[in-house]
Visitor: 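For reference, the structure I am asking about is given below.
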Number of protein chains: 2
Amino acid sequence: MGAVMGIGDDAVEVRAQGWRTLAALHGLIETALERELQSGHDLSVVEYTVLDALSRQDGWHMRMQQLARAAALSSSATTRLVNRLQDRGLLTRILCQDDRRGIYTELTAEGWDLLSRARPAHDAVLVRALAEAEAIPELAPLVEALHRLPAASPSPAG
Amino acid sequence: MGAVMGIGDDAVEVRAQGWRTLAALHGLIETALERELQSGHDLSVVEYTVLDALSRQDGWHMRMQQLARAAALSSSATTRLVNRLQDRGLLTRILCQDDRRGIYTELTAEGWDLLSRARPAHDAVLVRALAEAEAIPELAPLVEALHRLPAASPSPAG
DNA sequence: AGCAAATAGGTGCGTGTGCAAATATCTTGT
DNA sequence: ACAAGATATTTGCACACGCACCTATTTGCT
């Protein structure tokens, strides 16, 4: 490399490096959360994400597609994820009245209960994982950037 | 909320928000990369990650454990991932001489070839995905932070 | 030297995932 | 009003993943 690279290639390499760092940090946090939520509350990270998203949603209900985007899952995975949580009595499906293709999903009392019990553990592990990541030189800058992030609007769910 | 929250709770909430943003951005990029690499080169993102990590490694070989950490995979998943790539002739296993438990993995000529063909597509999609993310208000700050990240040392692989 | 604990890698098994296709409903153009 | 296409959700299927367990080798302690 070097002499043969064009002008834009440096920027590309910086982005690739940034992506690797992002992925590494994401993996670290996700693995830590997965272990804690799984052992403590029989929840996967995506499952928790869905419950959490529902609890933050205005009106406290979301459509399958919204949920899919919020959890970065395919439609089919979302269907089965909602099935699992519904079978456990954590949420319910509610047919849309205005669009009969659509299905709303809403937390049950049990869902709220489990979430309120899982959230402290989730947050604690998150803080711990971020602290660990900050001790890794390659990840530290990104972790710090994360802390400085402006408190954004309700949800990146779109 | 408000009156009942202790002093540290705000910071926890900021971190949770940051994690959701990080996860959302990660999912967006990973999905885009997955589609491109899969359709264009029959590679998953993790498979590409492994090939890429090998190509960057000093001495161009890594042990299974290193690979597992670099790809954020379990040992078993790494074994099978390496099996797949080996069956396709993209890399080879080499027994360690000094530690007979260990196994090195090294790219073959074919592996280098495929990687050199896949990398431009990978990088292009990455740039495009980051641009798309920057257009989403909730993700934009993190994307910018990513760009400002210092060009770090070789690899966050450990 | 000798034995226990730690570490590296691989295998059986259950499960969650995405893709492609199927069904139902809405929307658009004529 | 109606056909054609878009959109929402679900199902069949193949496959990659993590966990628990297994074997082989190394390390540490006595």
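Computed from a prediction, not measured in an experiment: that's the story for all the values here. Every chain is numbered from 1 and lettered A, B, ... according to where its sequence line falls, protein lines coming before strand lines.
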Visitor: Less than 4.0 Å between a side-chain N and a carboxylate O, is that true for B:D52 and B:R56?
Guide: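 Looking at B:D52 together with B:R56, the answer is yes, because their closest N to O distance falls below 4.0 Å.
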Visitor: Kindly give the atom pairs (protein nitrogen or oxygen, nucleotide nitrogen or oxygen) under 3.5 Å for nucleotides 24-28 of chain C.
Guide:
residue: C:dC26; atom: OP1; partner: A:R100; partner atom: N; Å: 3.0

Visitor: Side-chain N or O of B:Q65 less than 4.0 angstrom from OP1 or OP2 on C:dG9?
Guide: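 Checking B:Q65 against C:dG9: at least one side-chain N or O falls below 4.0 Å of OP1 or OP2.
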Visitor: Give the rounded distance in Å between these two atoms: CZ of B:R63 and C1' of C:dG10.
Guide: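 About 15 Å, once rounded to whole Å.
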Visitor: If you compare every side-chain N and O of A:R69 against the phosphate oxygens of D:dA8 (OP1, OP2), does one of them come in below 4.0 Å?
Guide: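 Looking at the OP1 and OP2 atoms of D:dA8, neither is under 4.0 Å from any side-chain N or O of A:R69.
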Visitor: Are B:L149 and B:L126 linked, directly or through other ILVMFWY residues, by side chains that come within less than 4.5 angstrom of each other?
Guide: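 Shared cluster, yes.
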Visitor: My understanding is that only residues two or more places apart in sequence, or in another chain, count here; which of them pass salt bridge (charged side-chain N to carboxylate O under 4.0 Å, His left out) with A:E47?
Guide: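 Salt bridge (charged side-chain N to carboxylate O under 4.0 Å, His left out) list for A:E47, sorted by chain: A:R84.
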Visitor: Would A:R119 and B:E13 pass as an ion pair if we require N to O under 4.0 Å?
Guide: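 No.
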Visitor: Decide yes or no on side chain to side chain contact (heavy atoms under 4.5 Å, CB included) for A:I103 and A:L95, but give the supporting numbers first.
Guide: CA-CA 5 Å; A:I103 292 184; A:L95 299 174; 4.1 Å; yes
Visitor: To the nearest Å, give me how far apart CD1 (A:I103) and C1' (D:dT7) are.
Guide: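 In whole Å, D:dT7 C1' and A:I103 CD1 are 14 Å from each other.
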Visitor: So, for A:G89 and A:T108, which heavy atoms are closest and what is the spacing to 0.1 Å?
Guide: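 For A:G89 versus A:T108, the nearest heavy atoms are O-OG1, 2.6 Å.
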Visitor: To check you understand the geometry: which heavy-atom pair defines the closest contact between A:T49 and A:A70, and what is its length?
Guide: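 Closest approach of A:T49 to A:A70: CG2-O, 4.1 Å.
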Visitor: What is the distance, rounded to the nearest whole Å, between atom CZ of A:R93 and atom P of D:dT9?
Guide: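 After rounding, the gap between these two atoms is 9 Å.
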Visitor: Can you tell me if CZ on A:R93 sees more than 12 non-hydrogen neighbours from other groups inside 6.0 Å?
Guide: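 Atom CZ in A:R93 is crowded, with more than 12 foreign heavy atoms closer than 6.0 Å.
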Visitor: Which protein N or O atoms sit under 3.5 Å from an N or O of nucleotides 15-21 of chain D?
Guide:
residue: D:dC17; atom: OP2; partner: B:R84; partner atom: NH2; Å: 3.4
residue: D:dG18; atom: OP2; partner: B:S74; partner atom: N; Å: 3.0
residue: D:dG18; atom: OP2; partner: B:S74; partner atom: OG; Å: 2.6
residue: D:dG18; atom: N7; partner: B:S76; partner atom: OG; Å: 3.2
residue: D:dG18; atom: O6; partner: B:R80; partner atom: NH1; Å: 3.0
residue: D:dC19; atom: N4; partner: B:S76; partner atom: OG; Å: 2.8

Visitor: Nearest-Å distance, CD1 (B:I94) to P (C:dG9)?
Guide: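 After rounding, the gap between these two atoms is 13 Å.
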Visitor: Are A:R148 and A:E144 ion-paired here, with the side-chain N under 4.0 Å from a carboxylate O?
Guide: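 Looking at A:R148 and A:E144, the cut-off is met.
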Visitor: Please report the end-to-end axis angle for the helix from C:dA1-D:dT30 to C:dT30-D:dA1, five pairs per end, rounded to 10 degrees.
Guide: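 Comparing the first five pairs with the last five, the axes sit 40° apart.
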Visitor: Only distances under 3.5 Å count here; give the side-chain donor-acceptor pairs of residues 23-34 of chain B to other protein atoms, sequence neighbours excluded, each with its distance to 0.1 Å.
Guide:
residue: B:T31; atom: OG1; partner: B:G27; partner atom: O; Å: 2.8

Visitor: In whole angstroms, how far is the C1' atom of C:dT17 from the CE atom of A:M64?
Guide: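 Interatomic distance, CE of A:M64 to C1' of C:dT17: 14 Å.
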Visitor: Going by salt bridge (charged side-chain N to carboxylate O under 4.0 Å, His left out), name the residues that satisfy it together with A:R63, two or more places apart in sequence or in a different chain.
Guide: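 A:R63 satisfies salt bridge (charged side-chain N to carboxylate O under 4.0 Å, His left out) with A:D99 once adjacent residues are dropped.
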